[in-house]
K.L.:
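Below are the structure tokens for one structure; questions will follow.
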Amino acid sequence: MPAPSGVYKVTRSSTTTSTAITVVQVSVPANCAIEITRIEVNQSTITTSAATRIQLLRKSAAATVTSATPVPLSEGMQASKCVGGTSATGITATVEGTDSTVLWESGFNIVNGVLYLPPPEARFTIGPSEIIALKYPTAPTSAGWIAEIEWIEYAF
């Protein structure tokens with residue numbers, strides 16, 4: 001694999017969600033691959049315990065999302081190759097694409113949230129030319145949900 005070209009993230013800030021939807025989507029173009037280093041999902045509005053679950057999955061067809069530009073985690077880094085777009089990298093799907101392989105799934109208590117920090121040997125490598133999504137497979141408790149995917153990008 002080529003040398004890393006940067007570390008990036010896409011965050012969906014506190015947004016009220018109560019339906020089963022894709023909340024973050026990352027479209028990896030043909031000229032790079034990414035390695036998932038961190039996933040976090042939590043909420044900021046409910047104090048009552050309830051269970052929900054989240055999935056990281058591949059999509060064989062993109063969802064229609066609100067475009068989101070990946071943020072570099074260090075000043076002066078080049079822009080991510082995983083550019084924002086309504087059928088590319090973004091947040092909050094309005095139309096679901098086609099789901100494929102579920103890579104990771106976690107049930108969790110909404111008061112605590114969930115944090116996925118895989119060791120290097122267990123990180124998912126995505127791309128080139130693949131789409132991944134963070135999705136609620138069933139409707140979560142209505143709350144102000146925050147979701148984030150962070151990755152190392154390898155440009156070819």
Side-chain angles (χ1 to χ4, degrees), residues 1-15 17 20-44 51-63 65-85 87-93 96-138 140 143-156:
M1 186 169 287
S5 58
V7 180
Y8 304 89
K9 70 176 182 173
V10 170
T11 304
R12 180 179 182 254
S13 297
S14 185
T15 305
T17 305
I21 64 167
T22 294
V23 290
V24 179
Q25 175 174 276
V26 179
S27 180
V28 183
N31 62 346
C32 80
I34 66 173
E35 188 175 69
I36 305 299
T37 56
R38 183 174 163 276
I39 296 170
E40 185 171 2
V41 178
N42 58 57
Q43 57 81 31
S44 60
T52 197
R53 62 192 177 117
I54 194 80
Q55 294 177 333
L56 176 70
L57 51 84
R58 284 189 167 90
K59 285 193 169 280
S60 55
V65 294
T66 301
S67 178
T69 300
V71 174
L73 295 189
S74 295
E75 287 296 317
M77 282 185 0
Q78 67 183 13
S80 173
K81 304 269 189 249
C82 301
V83 297
S87 61
T89 299
I91 59 171
T92 315
E96 287 295 334
T98 306
D99 296 344
S100 186
T101 309
V102 174
L103 300 171
W104 171 78
E105 182 170 14
S106 183
F108 62 97
N109 187 307
I110 69 169
V111 175
N112 300 330
V114 64
L115 176 63
Y116 178 70
L117 288 171
E121 61 274 9
R123 292 177 182 164
F124 297 109
T125 301
I126 311 298
S129 302
E130 289 188 306
I131 303 164
I132 59 162
L134 201 54
K135 181 178 183 175
Y136 293 109
T138 57
W145 289 98
I146 303 158
E148 184 171 87
I149 298 177
E150 182 180 292
W151 66 89
I152 299 171
E153 192 167 286
Y154 298 90
F156 302 140

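Because the structure is predicted, anything quoted here is derived from the model rather than measured.
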K.L.:
Can you list every salt bridge (Lys or Arg N to Asp or Glu O under 4.0 Å) pair that touches residues 118-128, not counting sequence neighbours?
P.N.:
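Sorted result for residues 118-128: Glu35-Arg123.
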
K.L.:
Just jot down the side-chain hydrogen bond (donor to acceptor under 3.5 Å, both in side chains) partners of Ser44, sequence neighbours excluded, or say none.
P.N.:
Ser14

K.L.:
First locate atom SG of Cys32, then atom CZ of Phe156, and finally report the distance between them rounded to the nearest 0.5 Å.
P.N.:
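If we round to the nearest 0.5 Å, Cys32:SG and Phe156:CZ are 7.0 Å apart.
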
K.L.:
Could you pull out all residues at least two apart from Thr11 that satisfy side-chain hydrogen bond (donor to acceptor under 3.5 Å, both in side chains)?
P.N.:
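Thr11: side-chain hydrogen bond (donor to acceptor under 3.5 Å, both in side chains) contacts with Glu148.
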
K.L.:
Tell me which pairs pass salt bridge (Lys or Arg N to Asp or Glu O under 4.0 Å) where either residue lies in residues 104-118, with sequence neighbours left out.
P.N.:
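Passing the test, one end in residues 104-118: Arg53-Glu105.
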
K.L.:
I'd like to check the side chain to side chain contact (heavy atoms under 4.5 Å, CB included) partners of Ala122; sequence neighbours left out, ordered by chain and number.
P.N.:
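Ala122 satisfies side chain to side chain contact (heavy atoms under 4.5 Å, CB included) with Pro118, Pro119 once adjacent residues are dropped.
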
K.L.:
Side chain of Thr89, backbone of Ser27: donor and acceptor closer than 3.5 Å?
P.N.:
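Confirmed, Thr89 side chain pairs with Ser27 backbone.
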
K.L.:
Can you name the ring-ring contact (aromatic ring centres under 6.0 Å, His included) partners of Tyr136, sequence neighbours left out?
P.N.:
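Testing Tyr136 for ring-ring contact (aromatic ring centres under 6.0 Å, His included), a comparison that skips the adjacent residues, returns Trp145.
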
K.L.:
Could you tell me which residues satisfy side chain to side chain contact (heavy atoms under 4.5 Å, CB included) with Glu40, sequence neighbours excluded, listed by chain and number?
P.N.:
Arg38, Asn42, Leu115

K.L.:
Any sub-3.5 Å donor-acceptor pair from Gln25's side-chain atoms to Val65's backbone N or O?
P.N.:
no

K.L.:
Taking salt bridge (Lys or Arg N to Asp or Glu O under 4.0 Å) as the test, write out the residues that go with Glu130, two or more places apart.
P.N.:
Arg58

K.L.:
What's the spacing between Ile132 CD1 and Thr22 OG1 if we round to 0.5 Å?
P.N.:
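Going from CD1 on Ile132 over to OG1 on Thr22, the span is 11.0 Å.
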
K.L.:
Checking Leu103 against Ile126 for the side chain to side chain contact (heavy atoms under 4.5 Å, CB included) test, could you report, in this order, the C-alpha distance in whole Å, the side-chain angles of both residues, the deciding distance, and whether it holds?
P.N.:
CA-CA 10 Å; Leu103 300 171; Ile126 311 298; 3.7 Å; yes

K.L.:
May I have the step-by-step check of side chain to side chain contact (heavy atoms under 4.5 Å, CB included) for Ile91 and Thr15, ending in yes or no?
P.N.:
CA-CA 10 Å; Ile91 59 171; Thr15 305; 5.9 Å; no

K.L.:
Let me know which of Val102, Leu56, Asp99, Val23 forms a side-chain contact (heavy atoms from CB on, under 4.5 Å) with Lys135.
P.N.:
Asp99

K.L.:
State which residues pass side-chain hydrogen bond (donor to acceptor under 3.5 Å, both in side chains) with Asn109; sequence neighbours excluded, sorted by chain then number.
P.N.:
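Listed in chain order: Ser49.
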
K.L.:
Distance-only check: which donor-acceptor pairs under 3.5 Å involve side-chain atoms of residues 69-85, not counting sequence neighbours?
P.N.:
from, atom 1, to, atom 2, distance (Å)
Ser80, OG, Cys82, N, 3.0
Ser80, OG, Glu153, OE1, 2.6

K.L.:
How far does CD1 of Ile36 sit from CG of Leu117, to the nearest 0.5 angstrom?
P.N.:
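Output value for this atom pair is 12.5 Å.
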
K.L.:
Trp104 and Phe124: aromatic ring centres closer than 6.0 Å?
P.N.:
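No: the rings miss the under 6.0 Å criterion.
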
K.L.:
About how many Å separate OG of Ser100 and CD1 of Ile131, when rounded to the nearest 0.5 Å?
P.N.:
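One gets 10.5 Å once the value is rounded to the nearest 0.5 Å.
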
K.L.:
Holding to side-chain hydrogen bond (donor to acceptor under 3.5 Å, both in side chains), I want the full list of residues that pass it with Thr37, two or more places apart in sequence or in another chain.
P.N.:
Glu150

K.L.:
Can you list everything that forms a side chain to side chain contact (heavy atoms under 4.5 Å, CB included) with Thr98? Sequence neighbours excluded, please.
P.N.:
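By the side chain to side chain contact (heavy atoms under 4.5 Å, CB included) rule, Thr98 matches Ser60, Ala61.
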
